[in-house]
Undergrad: 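Take a look at this one; I'll ask things after.
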Amino acid sequence: MDKLEQIFLGQAKLDEYIRQKRNLDFTSEEWTQKKCLALLDEVGELLREVNYKWWKNPKTVDKDLVAGELVDILHFWVSMCLDFGITASDIHKIYFDKNKENFNRQDGLSEKEGYEI
């Protein structure tokens with residue numbers, strides 16, 4: 001089992017544990033709404049760690065705190081993948097297909113408009 005598959009398995013176990021422990025029963029739509037909001041909240045926490053407020057004096061960026069927020073984001077992102085039946089293998093393939101397309105866009109080899117240099 002590769003590292004991404006381990007993350008997906010760990011998240012599936014955590015999601016089920018939380019559902020059972022807290023006796024939660026939401027529709028798929030409600031879960032997606034809640035997880036999107038939670039993910040946005042975690043993005044906000046990450047922003048606060050990297051001094052986005054130009055009107056305040058910056059603090060030293062703590063790499064460990066940044067990593068923690070990124071992992072929190074990953075938790076909710078993987079959880080939503082699982083909700084939609086998207087596997088680690090699916091993500092791997094979709095990622096590299098899109099990565100290739102993104103290179104093609106930068107090189108002017110894509111049919112997608114708006115990327116010409």
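Everything numeric here is computed off the predicted structure, so don't read it as measured data.
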Undergrad: I want to check something: taking the side chain as every heavy atom from C-beta on, are Trp77 and Ile91 in contact at a cut-off of under 4.5 Å?
TA: yes

Undergrad: Is the Trp55 ring parallel, tilted or perpendicular to the Tyr52 ring (thresholds 30°, 60°)?
TA: perpendicular

Undergrad: Consider only side-chain heavy atoms of I, L, V, M, F, W and Y, link residues closer than 4.5 Å, and tell whether Phe76 and Leu65 are in one cluster.
TA: no

Undergrad: If you compare all heavy atoms of Met80 against all heavy atoms of Cys36, which two are closest, and at what distance to 0.1 Å?
TA: SD-SG, 3.7 Å

Undergrad: Looking at Glu101 and Arg105, does any basic side-chain N land under 4.0 Å from a carboxylate oxygen?
TA: yes

Undergrad: Between Asn51 and Pro58, which heavy-atom pair has the shortest distance, and what is it?
TA: OD1-CA, 3.6 Å

Undergrad: Determine whether a donor-acceptor pair (N or O, by modelled atom type, separation under 3.5 Å) exists between the side chain of Thr32 and the backbone of Ser28.
TA: yes

Undergrad: Got a second to check how far Leu9's CG is from Leu14's CG, nearest 0.5 Å?
TA: 11.5 Å

Undergrad: Run the numbers on Glu42 and His75 for side-chain contact (heavy atoms from CB on, under 4.5 Å), then give the verdict.
TA: CA-CA 10 Å; Glu42 296 300 340; His75 271 281; over 6 Å; no

Undergrad: Please step through side chain to side chain donor-acceptor pair (under 3.5 Å) for the pair Asn102 and Gln106, ending with a clear verdict.
TA: CA-CA 6 Å; Asn102 287 338; Gln106 296 305 308; over 6 Å; no

Undergrad: Can you tell me how far the CG atom of Asp72 sits from the CG atom of Asp41, to the nearest 0.5 Å?
TA: 9.5 Å

Undergrad: First locate atom CD1 of Ile73, then atom CG of Leu40, and finally report the distance between them rounded to the nearest 0.5 Å.
TA: 9.5 Å

Undergrad: Any heavy-atom pair between the side chains of Val78 and Leu82 that's under 4.5 Å?
TA: yes

Undergrad: Can you tell me how far NZ of Lys34 sits from CD of Glu29, rounded to the nearest 0.5 angstrom?
TA: 11.5 Å

Undergrad: Check for me, please, whether Val66 and Leu39 land in the same ILVMFWY cluster - side-chain distances under 4.5 Å, paths through other members count.
TA: yes

Undergrad: Would a single hydrophobic cluster contain both Leu74 and Phe84, if residues Ile, Leu, Val, Met, Phe, Trp and Tyr are joined by side-chain heavy-atom contacts under 4.5 Å?
TA: yes

Undergrad: Got more than 12 heavy atoms from elsewhere within 6.0 Å of NZ, Lys98?
TA: no

Undergrad: Using the rule given for salt bridge (Lys or Arg N to Asp or Glu O under 4.0 Å), can you reason through Arg48 versus Glu69, listing the C-alpha separation, both sets of side-chain angles and the distance that settles it, and then say yes or no?
TA: CA-CA 10 Å; Arg48 285 186 286 284; Glu69 297 306 337; over 6 Å; no

Undergrad: Roughly how far, to the nearest 0.5 Å, is the NE2 atom of His92 from the OG1 atom of Thr87?
TA: 11.0 Å

Undergrad: Given 3.5 Å as the limit, does a donor-acceptor pair link the side chain of Gln20 with the main chain of Tyr17, or not?
TA: no

Undergrad: Return yes when atom CZ of Phe26 has more than 12 non-hydrogen atoms of other residues, nucleotides or ligands closer than 6.0 Å, and no otherwise.
TA: yes

Undergrad: Keeping Asp2 on the side-chain end and Leu4 on the backbone end, is there a donor-acceptor pair under 3.5 Å?
TA: yes

Undergrad: Could you give me the CA-CA distance, side-chain angles and deciding distance for Cys81 and Phe8, then say whether side-chain contact (heavy atoms from CB on, under 4.5 Å) is met?
TA: CA-CA 9 Å; Cys81 288; Phe8 271 61; 3.8 Å; yes

Undergrad: Would you call Arg19-Asp83 a salt bridge at under 4.0 Å N-O?
TA: yes

Undergrad: Do other residues, nucleotides or ligands put more than 12 heavy atoms under 6.0 Å from the CG atom of Asp25?
TA: no

Undergrad: For the CD1 atom of Ile18 and the CG atom of Asn23, what is their distance to the nearest 0.5 Å?
TA: 13.5 Å

Undergrad: Looking only at heavy atoms, which two atoms of Trp31 and Leu24 are closest? And how far apart?
TA: CH2-CD1, 3.8 Å

Undergrad: May I ask whether Val61 and Val43 are part of the same hydrophobic cluster, defined by side-chain heavy atoms of I, L, V, M, F, W, Y residues being less than 4.5 angstrom apart, directly or through others?
TA: yes

